[in-house]
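As the structure is a computational prediction, the values presented were derived from the model and not from experiment.
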Amino acid sequence: FKERNEEIGIEVEVAYAGLCNRPYAGLVRDVRVRNLKGCAMELEWLDGAARVLPHGLDQQRIKGIPRHIEAMMGVSEVEGIPLFRLKQTPADSEQVGELKGGHFYLAAGEGLGKDMVADPAAVCSEPVECDHPWVFAEGGARGVLDAPHFLDNRTPCAFTVRSDRIEAGGELRHGAVLGAVRRDEDILELRSEARDPHFFEAAREESRRVVAETADPCFTLSAEPIFDAYCRQSFLDNVMRGGRPVVFDTKEGPGALWAFSRQNGDLERDYHFFVLEPSYLSQGTGHYRSVLQNRRCDTFFYPEVGDVN
């Protein structure tokens, strides 16, 4: 995404990429702000997510009791990195469980409470509606950082807030990852990687490579480049629905697992029955349609599958 504003003299470019080949999930956000003026500029800015749903929620509680469940929301901190999760398991039971890991926001900077905020009221003046950053608009970066911050009992946000100087024709670059880890200590491993100045560009390149390799079985060369791209994209969409078979030998003969597979349909539609268990067999009614519509072509694109599917 790119936006150019000649009146104030800046150009903003934002690129996204999935974090690939790691034991945790993440969405990489790479932001570049360019100074189009012939002189240096002082810039106050904030960047991030206006809402982060903590780990431990499910669709029923998100849609059915969004205000009530906020009483269990909290933000933990691992060496300056915010982890978003419920303070306990939300089940209506006599047993209370502890949640480990969580959703995280990792960005270059000093960390939570210094140049990073997780309370939407500190940015937007109140915690429920965050459609305009009123505090930032009136008081700048200092106004946001000096505002009271509460990290419990409200749906959090994740913003980096800074003041920077950009020289004439220069560029400000900011990278962040919003994702999820199963253990608190996993985030420290990712932070160590992210300190490399080439990390975000390398993550984008790796994402491009993985997507290209996934679509390669449907490589098409014709007189129409648009048709070629359409074939690859359609194949990629099918992989994201029905998966890509990974064939291996078992005692009973060849077997297969479908990587990248997801439940068919849209999660926000209440009539779609989603059961996403980490089990060998596909779960839920939606997968039958995925098998019929998507996996019927496996024997053509992946002949090694045979009759496994």
Is there a path from F301 to V210 through hydrophobic residues (I, L, V, M, F, W, Y) whose side chains come within less than 4.5 Å of each other? no

Does a side-chain N-to-carboxylate-O contact under 4.0 Å join E13 and R32? no

Under the side-chain contact (heavy atoms from CB on, under 4.5 Å) rule, what do D298 and W258 come out as? Steps first, then yes or no, please. CA-CA 11 Å; D298 282 352; W258 276 263; 2.9 Å; yes

When rounded to the nearest 0.5 angstrom, what distance separates OH in Y105 from CZ in F159? 8.5 Å

Tell me if a side-chain donor or acceptor on D115 pairs with a main-chain N or O of V161 at a distance below 3.5 Å. no

Ring centre gap for Y24 and F104 strictly below 6.0 Å: no

Donor-acceptor contact present, side-chain S207 to main-chain A203, <3.5 Å: no

Determine, for D47 against R29, whether the closest basic-nitrogen to carboxylate-oxygen distance falls under 4.0 angstrom. yes

Using a cut-off of 6.0 Å, state whether more than 12 heavy atoms not belonging to E3 lie near its atom CD. no

What is the distance from atom CD of E98 to atom CD of Q88, rounded to the nearest 0.5 Å? 11.0 Å

Using a strict 4.0 Å threshold on nitrogen-to-oxygen distance, state whether E206 and R204 make a salt bridge. no

Give the cluster check for L36 versus I10: same hydrophobic cluster or not, with ILVMFWY residues linked at side-chain heavy-atom distances below 4.5 Å. no

Heavy-atom side-chain contact between V177 and L27 under 4.5 Å: no

Determine whether V305 and F300 make a side-chain contact, defined as any pair of heavy atoms from C-beta on separated by less than 4.5 Å. no

So, do D30 and V14 sit near enough that their side-chain heavy atoms are less than 4.5 Å apart? no

Taking D186 for its side chain and V181 for its backbone only, find out whether a donor-acceptor pair lies under 3.5 Å. no

Under 4.5 Å between side-chain heavy atoms, hopping through other hydrophobics if needed: is there a path connecting L46 to F1? no

Passes side-chain contact (heavy atoms from CB on, under 4.5 Å), N35 versus M41? Steps please. CA-CA 7 Å; N35 181 1; M41 68 164 55; 3.2 Å; yes

Are more than 12 heavy atoms from other residues, nucleotides or ligands located less than 6.0 Å from atom CD of Q60? no

So H103 and L83, do their side chains get closer than 4.5 Å, heavy atoms only? no

What I want to find out is whether E213 reaches R209 closely enough, with some N-O distance under 4.0 Å, to be called a salt bridge. yes

Would one find more than 12 heavy atoms of other residues, nucleotides or ligands at under 6.0 Å from atom CD1 of I226? no

Using 0.5 Å steps for rounding, measure from the SG atom of C157 to the CZ atom of F84. 7.5 Å

Exam field: side chain T89 to backbone G97, donor-acceptor pair closer than 3.5 Å: yes

What are the two closest heavy atoms between D152 and G74, and how far apart are they? OD1-CA, 3.6 Å

Taking the side chain as every heavy atom from C-beta outward, state whether F248 and L257 have any atom pair closer than 4.5 Å. yes

Using the rule given for side-chain contact (heavy atoms from CB on, under 4.5 Å), can you reason through V33 versus I166, listing the C-alpha separation, both sets of side-chain angles and the distance that settles it, and then say yes or no? CA-CA 9 Å; V33 182; I166 309 178; 4.2 Å; yes

Mind checking whether F235 and Y302 have parallel, tilted or perpendicular rings, split at 30° and 60°? tilted

Count I, L, V, M, F, W, Y as connected when their side-chain heavy atoms are under 4.5 Å apart, and connections chain through other members. Are V78 and M116 then in the same cluster? no

Could you give me the CA-CA distance, side-chain angles and deciding distance for C218 and C231, then say whether disulfide (SG to SG under 2.5 Å) is met? CA-CA 7 Å; C218 196; C231 291; 5.3 Å; no

For the student: nearest non-hydrogen atoms of I69 and P90, plus distance: CD1-CB, 4.1 Å

Is the shortest side-chain heavy-atom distance between P156 and L151 below 4.5 Å? no

Closest approach of A168 to G38 (non-hydrogen atoms, all atoms of both residues): CB-C, 3.4 Å

Do the side chain of K114 and the main chain of L145 share a donor and acceptor less than 3.5 angstrom apart? no

Would you please test R191 and E193 for salt bridge (charged side-chain N to carboxylate O under 4.0 Å, His left out) and show each step? CA-CA 5 Å; R191 185 183 65 174; E193 286 190 73; over 6 Å; no

What's the spacing between E138 CD and S125 OG if we round to 0.5 Å? 7.5 Å

Under 3.5 Å: donor-acceptor pair, side chain of E167, backbone of A40: no

Hey, does E77 have a side-chain heavy atom less than 4.5 Å from the side chain of P82? no

Test of understanding: clusters of I, L, V, M, F, W, Y form through side-chain heavy atoms closer than 4.5 Å, transitively. Do V96 and L99 belong to the same one? no

Closest heavy-atom pair and its distance - P120, R51: CB-NH1, 3.5 Å

Pairwise side-chain contact, V28 with L19, heavy-atom cut-off 4.5 Å (strictly under): yes

Is H149 reaching over with its side chain to a backbone N or O of A147, donor-acceptor style, under 3.5 angstrom? yes

CG on L188 to CG on L106, rounded to 0.5 Å: 9.5 Å

Separation of M72 CE from L86 CG (nearest 0.5 Å): 7.5 Å

Apply side-chain contact (heavy atoms from CB on, under 4.5 Å) to residues T299 and E304 and explain how you reach the verdict. CA-CA 7 Å; T299 51; E304 65 274 16; over 6 Å; no

Quick one: closest heavy-atom pair of D119 and P148, and the distance? OD2-O, 3.7 Å

For E224, is there any backbone N or O sitting under 3.5 Å from a side-chain donor or acceptor partner on S222? yes

Can R154 and E126 be counted as an ion pair, charged N to O under 4.0 angstrom? no

Quick test of your reading of the model: are E44 and R142 salt-bridged, counting only N-O distances below 4.0 Å? no

Is R208 salt-bridged to E201, cutoff N-O under 4.0 Å? yes

Basic-acidic side-chain contact under 4.0 Å: D184, R85: yes

In terms of side-chain heavy atoms, does T220 have a donor or acceptor partner in Y230 at a distance below 3.5 Å? no

Is R232 salt-bridged to D216, going by a charged N under 4.0 Å from an acidic O? yes

I62 backbone acceptor or donor facing D58 side chain under 3.5 Å: no

